[in-house]
Asks: 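Could you have a look at this structure, given as structure tokens, before my questions?
Predicted, not measured: the structure shown is a model, and the values here were computed from it. Labels below follow one simple rule: chain letters A, B, ... track the order of the sequence lines, proteins then strands, and each chain is numbered from 1.
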Amino acid sequence: MILEKAYEHKEIEKKWMEFWLNSTIFQVGQVVQGKRFSIVIPPPNITGGLHIGHGLQYTLHDVYTRWKRMKGCTSLWVPGMDHAGIATQYIMEKELAKENVTREQLGRDKFIERVWQWAGAAMDRIKFQLMKLGSSCDWSHQHFTLNDDLTRAVLEAFVRLYQERLIYRAEYIINWCPRCLTALSDLETIHKEYSGKLFYIRYPLKSGQGYVEVATTRPETIPGDTAVGVNPNDERYKVAIGDYVILPVLKREIPIIADEAVDPAFGTGAVKITPGHDPDDFEIGKRHKLASITIMTDSAKMNEQSGPYEGQDRFVCRKNILSDLANEGLLAKEEDYAYSIGHCFRCDTIVEPRVSKQWFVRMKPLAEPAIKAVEDGRVELVPSNWNKVYYDWLNNIRDWCISRQIWWGHQIPAYYCQDCSELTVSVTRPLKCQQCNSTSLIQDEDVLDTWFSSALWPFTVFGWPEKTVDLKQYYPTNLLITGYDILFFWVARMIMMGLKFMNDVPFKQVLFTGLIRDEKGNKMSRTKGNVVDPLEVIDNMGADALRFTLISQTADAMDVSFSRNKVQGNRAFMNKLWNVSRFVLMNIPDEFMVKPLRAEDLSLFDRWILTRTNEIIQEVDHNLTYYELSKAGNLLYHFIWNEFCDWYVEFSKPYLNAPDEKRKETTLNVLAVVLGKILKVLHPFTPFITEELWSIVKKLFKEDKTLALTAMPEYVETEVFAESKEEITAIQDVISRVRQIRAEMNIAPQKEVSCYVKIAEDKYGELFTYALPQILFLAKLKEFFLAAEFPADKMLVKDSAPCAHIGVDLLESVDRDKETARIEKEISKLEKTLNDVTAKLIDKNIIEKAPREVIESFQNRKDETQLRLNRLRAHLHDLQK
RNA sequence: AGGCGCGUAGCUCAAUGGGAGAGCGCUACCUUGACACGGUAGAGGCUAGCGGUUCAAUCCCGCUCGCGCCUACCA
């Protein structure tokens, strides 16, 4: 079978994608024996398609899933998606806006129905994208956070935490998005640097004798002030403590209080206290039993508490208040001031801290075991420099606001009695109030933070709270792969919840990936328009090329710049692999079957490539074990291209074209064996092309399994011949030197010349004689002579390698100037090396203190360099005669 | 403010306590029956700066400069 001349990924990827989709080879059985590997997907959300960052993460998932499968594990990758409450609702509202409909007009049920339609389409699209990428998920295990089974589990978890008082409902200051009209957790509030102003405002003393000056960035919250705070040790204000000031604008009396939290060095040392709209002030207010006044509506317009400003947007109000203060002479000064300000993670609106009744998870008791799990190694973070960040966050953790005032999500299973206002928390709707038996119960309107359900993902996908076989077999999972950006959002919370509900960690290792940036290192974002669509890249250059590029670039969770050029380079690599396979198949006769290799049949070249193949197999295994993905990728790239293709295949050609049938057959055997191993080792990285090639090559081995289900090759000691490497190096050196001379002397590539070598050691005589066909072929030589002395009657162009002194007879007059220049250049290089190494060898300190091996290596380098230098100097001398 | 990371060839990035590499780009030659998504040869770097440890530093330590990110209740 002859392959097409170039690798065309489109047809082939389509073929294997359909095969994988329609077969059950990636489905794990109900009850499995032996080693297991399980990994759950960080569920992509249904707001849109996958981006290139997903592409990286899911490629790594697939590499490990396939690798473990080929290493004999029952390998399960659980796919799924999450419902992304706020984000999805945001998008749906925008969709509805196109139809001039609001969600309120539609009503909750109809709205949810619409979102489900959207979700269905989105999930299909994501599944398609995952398939395009080559993902070997078990689709029979697919989950969605809002499906009935997971919903039940989420509610169950909520109820249990509530019963243990780890979930509570309280009035508290939270981050409020005035656009999404919902509470946000601290993590969903993105702090950004903001160039604003610091305003100094005078609050007149009640006595009428002067004023206290406060500094604030938010004058519009003045109507909410219920005190002015100073530090108790601040001499300037000691006498004022307990006194009252008149709140500007509203003319209300508020006390001057003392609190340690006030920094005397900042501003004027006095601060307005607004418990209703500032988290710190809220805490101070609690300590001093101050009133908390909410001065804005839920969409951040000033409310009736703001007197004349009622109805104004908060930023309009700021301007107006400032101008009123100025008119009254109460605005002392303003100065430029940069500070950070919270924004909604989804819609980027500036959040408004606001007091409201919300549901919270008590985090301290959950965080402690999670810290311990990483400390004692039950969970290993890779790379481990994330440990510190993880500990730091958990040690300073605050309670987690989990209620959201939206419709799309898990509705909180809390029911309020309309008659006695008793609260009942229950997975299923209670028939009557537990207190008064009233049947008039209303469920809490709010839904849970999406991340609450995500935190439960590693066990809910296996059927929790039922004690299922899956749960027993696949929990804890082996590995979690995700971006470091959701260490807190997700990883830490999963560990906490896993320990809480399963009494065991959710995964043993966490591999963090970097973020993918554009070619210039900028963050990708839809607004910048620099996002890369993985499907477009796959269509143009192939999924394997994309995968291999992503793998080769990822190291130590460092951010990577995505480069189309690199994908192009790897597409060329795929083509190279295709063509070397084509070469092997073209040379193999019909009916040929690979026979077991016998050491005595192997040529030097065979022994060498088998040695290298085994070394690579061992190294790649090591790299994957230690999450050195880019090393593994680069290793394979260079082995396949620069060793197998550039050298072994070329060495093999003279044998394939020679009459020695036995030699030819062994060579074909080795070509097939090495190619087969390459396809297997490469398969987790580039599944499509390797499956396709294997589907043809496998006949040679009388195998019929699909490549994904074959066993990963292992290091075979009997196929390792250490001495072959040095011998091959000598042969390569001779060939390279001749090629160099030819190139520098502008000898036409097709012109065959003669070559004379004076070998450095006897053993090379035998070696070069053995490799004569290869040397003649690859150096494009007519004749190759082993000589004690170079023939005196020839004008040779000479060079020197460690194994031999080489003279090439160009059969034309040598340009003496050119040759002189060439030799002088090389001499100067060698002289530098010689000087460096000689200096080391006469340095007493080094001689006395450096290890013996190092000294020996210096000595060897010196001898070798000296030898080559002598030869070239002699040659130069001859030239100048 | 604290923490983390980065600074190596034109670009994107590797590497190692003892001779600095790759991919792309660039130059020259070559359409040679696996491959022009190719081949052969080549140019290009006082490894950000300063100091320290060491016989030896691109690598280990400290400082400086530059860049990026994360955390934080600096009004």
Asks: Dump the pairs, protein N or O against N or O of nucleotides 20-22 of chain B, anything under 3.5 Å, distances to one decimal.
Replies:
residue : atom : partner  : partner atom : Å
B/A22   : O3'  : A/His638 : NE2          : 3.4
B/A22   : O2'  : A/His638 : NE2          : 3.0

Asks: Looking only at side chains, do A/Glu619 and A/Asn623 share a donor and an acceptor under 3.5 Å apart?
Replies: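 Result is no, nothing qualifies.
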Asks: What nitrogen or oxygen pairs link the protein and nucleotides 1-10 of chain B at under 3.5 Å?
Replies:
residue : atom : partner  : partner atom : Å
B/G3    : O3'  : A/Lys388 : NZ           : 3.1
B/C4    : OP1  : A/Lys388 : NZ           : 2.8

Asks: When you measure only distances, ignoring hydrogens and angles, does the side chain of A/Lys576 come within 3.5 Å of the base of B/C37 through a donor and an acceptor?
Replies: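 Side chain to base: no pair present.
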Asks: With the side chain of A/Ser561 defined as its heavy atoms from C-beta on, choose the nearest nucleotide among B/C70, B/C13, B/A75.
Replies: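 When the side chain of A/Ser561 is considered, B/C13 is the closest of B/C70, B/C13, B/A75.
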Asks: State whether the distance check finds a donor on one side and an acceptor on the other, under 3.5 Å, for side chain A/Glu650 versus base B/A34.
Replies: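 Check passes, donor-acceptor contact within cut-off.
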Asks: Between protein and nucleic acid, restricted to nucleotides 58-61 of chain B and to nitrogen or oxygen atoms under 3.5 Å apart, what atom pairs and distances do you find?
Replies:
none

Asks: Indicate yes or no for a side-chain donor-acceptor contact from A/His277 to the backbone of A/Pro353 under 3.5 Å, with no hydrogens or angles considered.
Replies: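 Side chain of A/His277 to backbone of A/Pro353: a pair is present.
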Asks: Only one of A/Ile321, A/Thr268, A/Leu325 forms a side-chain contact (heavy atoms from CB on, under 4.5 Å) with A/Ile201, so which one is it?
Replies: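 Running side-chain contact (heavy atoms from CB on, under 4.5 Å) over A/Ile321, A/Thr268, A/Leu325 with A/Ile201 returns exactly one hit, A/Leu325.
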Asks: Could you check whether A/Val560 gets within reach of a base, just the sugar-phosphate, or nothing at all, counting any heavy atom under 4.0 Å?
Replies: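 If one applies the 4.0 Å heavy-atom cut-off, A/Val560 turns out to touch nothing in the nucleic acid.
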Asks: Heavy atoms under 4.0 Å, any strand shown: does A/Tyr337 hit a base, just sugar-phosphate, or nothing?
Replies: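 Sugar-phosphate only.
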Asks: Can you check side chain to side chain donor-acceptor pair (under 3.5 Å) on A/Asp225 and A/Tyr203, steps first, answer last?
Replies: CA-CA 11 Å; A/Asp225 288 0; A/Tyr203 283 33; 2.5 Å; yes
Asks: Going by ring pair (Phe, Tyr, Trp, His ring centres under 6.0 Å), A/Phe651 matches just one of A/Phe777, A/Phe605, A/Phe644. Which one?
Replies: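 Between A/Phe651 and the candidates, ring pair (Phe, Tyr, Trp, His ring centres under 6.0 Å) is satisfied uniquely by A/Phe605.
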Asks: Please report the shortest heavy-atom distance between A/His343 and A/Val351, naming the atom on each side.
Replies: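 The answer is C-CG1, 3.7 Å.
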Asks: With a 4.0 Å heavy-atom cut-off, tell me which residues in residues 539-554 of chain A come close to RNA chain B, sorted by residue number.
Replies: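 Within this stretch, A/Gln553 sit under 4.0 Å of the strand.
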Asks: Between B/G18, B/A75, B/C37, which one does the side chain of A/Val854 approach most closely?
Replies: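 The nucleotide sitting nearest to the side chain is B/G18.
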Asks: A/Asn395: what forms a side chain to side chain contact (heavy atoms under 4.5 Å, CB included) with it, not counting sequence neighbours?
Replies: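 Scan of A/Asn395 (side chain to side chain contact (heavy atoms under 4.5 Å, CB included), adjacent residues dropped) gives A/Ile371, A/Tyr391.
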Asks: Identify which nucleotide among B/A15, B/G39, B/A72 has an atom closest to any side-chain atom of A/Lys631, counting heavy atoms from C-beta outward.
Replies: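 Side chain of A/Lys631 sits closest to B/A15.
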Asks: Is any side-chain nitrogen or oxygen of A/Lys653 closer than 4.0 Å to OP1 or OP2 of B/A34?
Replies: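 For A/Lys653, the contact criterion (side-chain N or O under 4.0 Å from OP1 or OP2 of B/A34) is met.
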Asks: Checking contacts here: which listed nucleotide (B/A34, B/G38, B/G18) is nearest the side-chain heavy atoms of A/Trp641?
Replies: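 The answer is B/G38, which lies nearest to the side chain.
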Asks: Check RNA chain B against residues 731-741 of chain A and give the residues with a non-hydrogen atom under 4.0 Å, in numerical order.
Replies: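 Under 4.0 Å from RNA chain B: A/Arg739, A/Gln740.
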Asks: Only counting residues at least two apart or in another chain, list the ones meeting salt bridge (charged side-chain N to carboxylate O under 4.0 Å, His left out) with A/Lys832.
Replies: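 Residues passing salt bridge (charged side-chain N to carboxylate O under 4.0 Å, His left out) with A/Lys832: A/Asp836.
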Asks: If you count heavy atoms of other groups shown closer than 6.0 angstrom to CD of A/Glu856, is the number above 12?
Replies: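 For A/Glu856, atom CD is crowded (more than 12 foreign heavy atoms under 6.0 Å).
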Asks: Between protein and nucleic acid, restricted to nucleotides 51-56 of chain B and to nitrogen or oxygen atoms under 3.5 Å apart, what atom pairs and distances do you find?
Replies:
residue : atom : partner  : partner atom : Å
B/C55   : OP1  : A/Lys849 : NZ           : 2.8

Asks: Between A/Arg571 and B/C37, is there a contact of a side-chain N or O with OP1 or OP2 at under 4.0 Å?
Replies: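 For A/Arg571, the contact criterion (side-chain N or O under 4.0 Å from OP1 or OP2 of B/C37) is not met.
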Asks: Return a table of donor-acceptor pairs under 3.5 angstrom between the side chains of residues 843-852 of chain A and protein atoms on other chains or two or more places apart.
Replies:
residue  : atom : partner  : partner atom : Å
A/Asp843 : OD1  : A/Asn845 : N            : 2.9

Asks: Any salt bridge (Lys or Arg N to Asp or Glu O under 4.0 Å) pairs touching residues 642-655 of chain A, not counting sequence neighbours?
Replies: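 Non-adjacent pairs meeting salt bridge (Lys or Arg N to Asp or Glu O under 4.0 Å): A/Arg612-A/Glu643, A/Glu650-A/Lys653.
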Asks: Sequence neighbours left out, what passes ring-ring contact (aromatic ring centres under 6.0 Å, His included) with A/Tyr237? Give chain and number order.
Replies: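 For A/Tyr237 there are no ring-ring contact (aromatic ring centres under 6.0 Å, His included) partners, ignoring immediate neighbours.
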Asks: When Watson-Crick pairs (N1 to N3 and N6-O4 or O6-N4) and G-U wobble pairs (N1-O2 and O6-N3) count only below 3.5 Å on both distances, what is the dot-bracket string of RNA chain B, with | for other-strand pairs?
Replies: (((((((..((((....[..)))).(((((.......))))).....(((((..]....))))))))))))....
